[in-house]
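A, B, ... follow the sequence lines: proteins, then strands. Residue 1 opens every chain.
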Amino acid sequence: MLSPAAPDLAIDVRKWHAAQAWVSLPKCWTVEQNNSIDPDRALVNRALSGDAAAFRELFVKHRSNVARLVARLLGNPSEVEDVTQEVFLHVFRSLHLFRGEARFSTWLYRLTVNVVRMHLRQKRSRPQLVAEEPIPEQTPSHGDDPPEAVDRRKRIQALERLIAKLSPKKREVLILHDFEGVPAKEIAQILGIPVLTVRTRLFYARKALYAAIAEDPVLCSIADAVAERLASHPNPTLASETEDP
Amino acid sequence: MIPFLHPSQSELEAMAESGAHADRLREHLAHCERCRRRYEAIVAYFHLRKEVANSSDPISDWSRIESVLEREAQKLARASFSARSLSPKLPIFWIGASLSCAAAVAFLVWLAPPSEPQAEVVKLETSSPLGPSASPEPPQSAQPKGTPEKGEHRHTRGRFILLLGSVHYFARNEEEQPPALSQTVQGGRIEVETRAQAQLALLPLEDDEGQAVGRIGVASQSAIRLLSADEVDEKASPFAKEGARVEARIELERGRLFVEGFESSSRIVVLAGGYEATIIQARCTIDFESDGGRAEPVISVWPGSEGQVLLVNPQGEHLTLKAGEKWPPSSHSASARTTFAPVEGAPLEISFPRAVQFEVADFRLQGGPNLALQLSPGPIEIRVRDELGHIYQAKRHLDAKGLVLEPSALEPLPPRVQGFLPPEVLTPIVRAGRPALQRCYERILRSHAELLGLTIHLAIMLDSQGTVRTVRLESEEKMSEPKEKAALSELEACIRQEALTWRFPPPGGPMGFEIPLRFSAQ
């Protein structure tokens with residue numbers, strides 16, 4: 001049966017209504033979602049039929065994204081490899097369960113989030129080890145590790161610390177949206193929540209983060225630099241940024 | 001007076017991102033301290049987002065995950081096959097199993113070398129330290145990538161009798177005997193310390209009513225780890241996660257042998273129950289049930305590895321197993337058996353305190369502090385490197401009587417430049433090793449709750465090759481109780497043992513760095 005809002009596309013009516021009720025969005029959104037072509041679909045089909053090259057392509061294509069998402073959700077670099085491995089083992093075992101109702105990347109992200117949640121749940125009762133960065137006894141003699149790179153690493157670590165303090169629900173939305181660039185609608189699918197909830201969580205996550213940045217001794221230096229620039233240049237935006245603050 | 005109402009978070013974000021509302025908000029920000037601080041934090045956050053987006057991938061080496069997936073593919077393929085034969089009437093399961101099987105097959109095909117033939121063969125040098133080629137002539141084939149050209153090791157003549165590194169020999173009565181040059185052993189076992197490397201050869205004895213004799217040989221510098229029969233399991237496989245710790249042990253009489261980590265032309269020969277297995281550049285498992293002289297060998301070479309295993313049964317028949325195949329038990333094809341003939345050479349013995357590496361003739365051996373081997377007589381140059389990276393040298397003529405070098409005979413060479421590795425290089429390696437350290441802590445915490453919450457400083461010294469030479473630990477907490485001290489020393493020993501296994505790129509000279517470790521538990 002044809003959907004009234006999607007003349008080119010045959011859509012199962014039950015899915016159509018379910019999707020509308022679920023996301024509480026205008027009809028055109030559902031049409032866009034269904035109309036979008038999953039670039040991985042063909043690869044998945046080929047992989048399931050035993051095509052080795054397709055499987056390899058899927059793995060290579062998505063492994064960096066998965067590892068990055070895992071790293072950000074965990075906030076502990078030492079566990080990234082293990083958890084990423086766990087994700088791909090799950091992908092491997094349950095690829096045949098992928099029905100193609102969402103994009104493969106959405107399915108993969110959802111699976112990643114679930115594996116990370118499971119890992120964090122298991123980890124909660126276990127002792128923790130915090131190892132800091134190695135401190136070489138001697139300093140580099142010829143710019144192997146420029147001060148800018150050290151500062152940048154410190155800033156990134158400080159931000160990661162603040163993000164880790166957010167509640168898991170807020171953290172997931174913030175990371176998926178702001179760092180992985182996943183649209184809110186897709187996050188809703190990944191996390192199984194309404195889009196409105198995604199936006200609300202994103203709003204409050206950012207709000208908490210802004211407050212924390214203003215208080216953080218490492219990151220407030222950036223804010224101070226912005227303040228200085230604000231004084232000299234009344235409208236500093238990211239678009240006009242050409243150098244580090 | 002502040003113009004306008006306070007802007008919303010969204011408005012400030014829009015202004016920070018694209019300059020929207022700037023005209024309207026600029027004046028407000030100039031007067032409102034609170035909103036200005038909010039705006040600064042927003043701009044800072046957006047800036048940080050860009051920096052994070054440009055940061056490098058958290059995983060740089062995917063080989064371990066690929067290996068695990070490879071094993072999973074094998075497992076799934078086997079499970080699917082079994083399920084198919086057992087449950088032909090379950091359509092849903094059947095479909096799932098088929099798809100899993102297809103995926104598994106796809107993965108296996110992908111992980112296998114794409115165009116090279118699976119069964120690569122390395123033709124052995126007759127001047128191998130094991131003596132004249134004892135194995136049946138392997139079939140001719142292209143030389144695999146990364147293997148040395150024929151004749152590269154032609155100068156490494158002689159037969160390594162024993163020993164380098166920490167090798168312990170236990171006789172049949174479990175009494176430990178210090179291994180000595182040219183010592184022959186019968187039965188018993190040899191143990192290599194956990195994760196240590198050992199390079200040795202044992203003289204084969206005449207088969208004695210089916211009793212096995214071990215003979216392990218290494219043609220050149222190589223890393224060999226032999227895992228004990230008891231410990232052979234998933235965790236101990238070469239594809240296992242880092243941190244699986246087993247004691248290396250070679251059972252000479254019976255049991256299961258697990259071999260990994262071969263390089264170039266190295267090979268290993270195992271004699272058990274009348275069988276003789278020569279493993280050439282392959283990662284494999286060997287099951288020998290040599291009880292009472294009867295043996296049923298099952299040999300499996302891991303897919304993805306190169307090389308082959310040659311097996312000669314007690315009747316002199318031999319069979320070649322190529323990488324990627326599984327050898328059915330008790331299946332043999334006929335061929336003549338060849339024998340090992342020892343090569344005579346002059347003994348050379350060096351003992352040097354704190355030695356970690358020996359360079360003799362044109363080969364290099366890791367370990368110390370003793371070296372004992374047999375070489376063809378002639379002029380030789382010996383270099384010894386100690387744990388601090390200092391090098392000592394001696395040039396001598398080795399005659400047929402042999403030579404014993406005392407430490408005073410070695411002269412120090414000028415010290416090398418201090419090495420350096422940037423934190424970007426050190427950090428990933430330390431991070432990768434952290435799970436093992438955590439396991440140490442968890443294990444000891446189970447029996448010693450007094451270690452709850454602890455900070456330890458780990459000071460590591462690398463030699464010029466990037467090998468961890470010394471690991472020093474210092475606890476911030478003062479442990480006064482004997483029980484606490486014992487727990488701490490147990491933890492330190494475990495951490496030290498793990499840290500000694502880390503491998504770093506060559507820093508160009510000895511260097512050190514510190515890592516503070518904070519242990520806490522909820």
- Side-chain donor/acceptor of A/Glu81 to backbone N/O of B/Ala432, under 3.5 Å: no
- Hey, could you give me the CZ/CG distance between B/Arg49 and A/Leu209, rounded to the nearest 0.5 Å? 10.5 Å
- Message: Which atoms of A/Tyr210 are under 4.5 Å from chain B, going by heavy atoms: the side chain, the backbone, both sets, or neither?
- Response: both
- Message: Heavy-atom count check: over 12 atoms from other residues, nucleotides or ligands less than 6.0 Å from A/Lys61 NZ?
- Response: yes
- Message: Other residues, nucleotides and ligands only: do more than 12 of their heavy atoms fall within 6.0 Å of OH on A/Tyr204?
- Response: no
- Closest approach of B/Ala44 to A/Ile213 (non-hydrogen atoms, all atoms of both residues): CB-CG2, 4.2 Å
- Message: Under 4.5 Å from any heavy atom of chain B, what part of A/Leu89 do you find: side chain, backbone, both or neither?
- Response: both
- Item | Portion of A/Ala71 that has a non-hydrogen atom of chain B nearer than 4.5 angstrom | side chain
- Message: Please classify the contact of B/Arg38 with chain A as side chain, backbone, both or neither, using a heavy-atom distance under 4.5 Å.
- Response: neither
- Message: For A/Arg72, which atoms come within 4.5 Å of any heavy atom of chain B: side chain, backbone, both, or neither?
- Response: side chain
- Task: Drop me the distance from B/Tyr45's OH to A/Leu162's CG, to the nearest 0.5 angstrom.
- Result: 10.5 Å
